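A short write-up of the structure that comes next.
All values reported here derive from a predicted model rather than from experimental measurement.
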Amino acid sequence: AVLGSSKNVYCSADTLYIVGVGKRGGEYSIISSFDLSNGGISYRSSGSVEGSLISQQSMNEYDGMFRIATRVTDKNGVSSVSVYVLDESLTSVNGAGQLYPEGNVSAVRFEDRYARIIDSTSGESVIVLDLAANPPMLASTLMGNSAYLYAYSDTMLMGVGRSDDGGVTLTMYSSEN
């Protein structure tokens with residue numbers, strides 16, 4: 001049985017993921033998955049990754065793999081971001097860590113094979129990781145003022161942000177190398 005509660009939930013067409021927090025020996029995220037196919041719900045697997053979930057939007061499923069981004073704080077109090085790719089048994093099969101040390105990651109967006117990580121302390125930079133590569137590869141670095149990124153096409157991203165005067169900014173990025 002799975003006991004406890006969590007507000008961090010992600011649901012794909014056939015799998016429900018619940019993410020909780022553990023603190024023994026450092027903060028980590030506990031992930032449980034449930035199979036929703038065949039008109040019912042049944043426990044599938046559990047696993048954990050280092051760090052705490054950044055936000056409700058920093059998890060996703062793609063090609064049967066669960067992706068999650070966490071904030072990891074080391075023993076010196078320096079925080080960074082880690083991105084993990086987990087298989088159906090919630091075992092880590094790929095990942096990248098120590099991204100944006102001491103940065104202020106405002107959002108992580110997974111789309112297709114990419115993870116886009118937005119850091120609001122370094123001039124709103126965005127790194128794009130190709131999660132299909134093992135280990136994940138830096139696909140591109142984008143600069144701009146965007147709090148949210150949306151796929152506009154296969155090669156273009158649209159960034160939505162706030163301008164210095166409180167207005168809205170729209171920025172188009174090319175994700176081609």
Where [X] and [Y] come nearest, the two heavy atoms and their spacing:
X: Asp130; Y: Ala132; answer: OD1-N, 2.9 Å
X: Ser52; Y: Ser29; answer: CA-OG, 3.6 Å
X: Ala96; Y: Leu129; answer: CB-CD1, 4.3 Å
X: Arg44; Y: Thr15; answer: NH1-OG1, 2.7 Å
X: Pro136; Y: Gly95; answer: CD-O, 3.1 Å
X: Leu53; Y: Ser58; answer: CD1-OG, 3.4 Å

Side chains of [X] and [Y] in contact at under 4.5 Å (non-hydrogen atoms):
X: Leu99; Y: Ile117; result: yes
X: Val9; Y: Leu16; result: yes
X: Leu131; Y: Val83; result: yes

Using the rule given for side chain to side chain donor-acceptor pair (under 3.5 Å), can you reason through Glu61 versus Tyr17, listing the C-alpha separation, both sets of side-chain angles and the distance that settles it, and then say yes or no?
CA-CA 9 Å; Glu61 184 187 83; Tyr17 298 93; 2.4 Å; yes
Treat each ILVMFWY residue as a node, draw an edge where side-chain heavy atoms are under 4.5 Å apart, and state whether Leu138 and Val108 are in one component.
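Yes: a chain of side-chain contacts under 4.5 Å links Leu138 to Val108.
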Is it true that Val21 and Tyr10 fall in one hydrophobic cluster, defined by side-chain heavy atoms closer than 4.5 Å?
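Different hydrophobic clusters.
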Given Val81 and Ile54, is the side chain to side chain contact (heavy atoms under 4.5 Å, CB included) satisfied, shown in steps?
CA-CA 8 Å; Val81 172; Ile54 292 173; 3.9 Å; yes
Just distance, no hydrogens or angles: give the donor-acceptor pairs under 3.5 Å from side chains in residues 86-93, sequence neighbours left out.
residue	atom	partner	partner atom	Å
Asp87	OD1	Ser89	N	3.0
Asp87	OD1	Ser89	OG	2.8
Asp87	OD1	Leu90	N	3.2
Asp87	OD1	Thr91	N	3.0
Ser89	OG	Thr91	OG1	3.1

Those residues at least two apart in sequence (or on a different chain) that pass side chain to side chain contact (heavy atoms under 4.5 Å, CB included) with Glu111 are Arg109, Arg116, Ala151
Using a distance-only test with no angle check, is there a side-chain donor-acceptor pair under 3.5 angstrom linking Gln98 and Ser80?
no
Donor-acceptor pairs are to be reported for all side-chain atoms of residues 65-72 against protein atoms at under 3.5 Å, with residues two or more places apart or in another chain.
residue	atom	partner	partner atom	Å
Arg67	NE	Asn60	OD1	2.9
Arg67	NH1	Asp112	O	2.8
Arg67	NH2	Asn60	OD1	2.9
Arg67	NH2	Asp112	O	2.8
Thr70	OG1	Glu50	O	2.8

Short side-chain to backbone donor-acceptor contact, Asp35 and Ser37, under 3.5 Å
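Looks like yes, one N/O pair under 3.5 Å.
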Does the pair Asn8 and Met59 meet the rule for a side chain to side chain contact (heavy atoms under 4.5 Å, CB included), with working shown?
CA-CA 9 Å; Asn8 299 312; Met59 51 186 160; 4.0 Å; yes
From OH (Tyr84) to CD1 (Ile31), nearest 0.5 Å
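Rounded to the nearest 0.5 Å, the OH-CD1 separation comes out at 9.5 Å.
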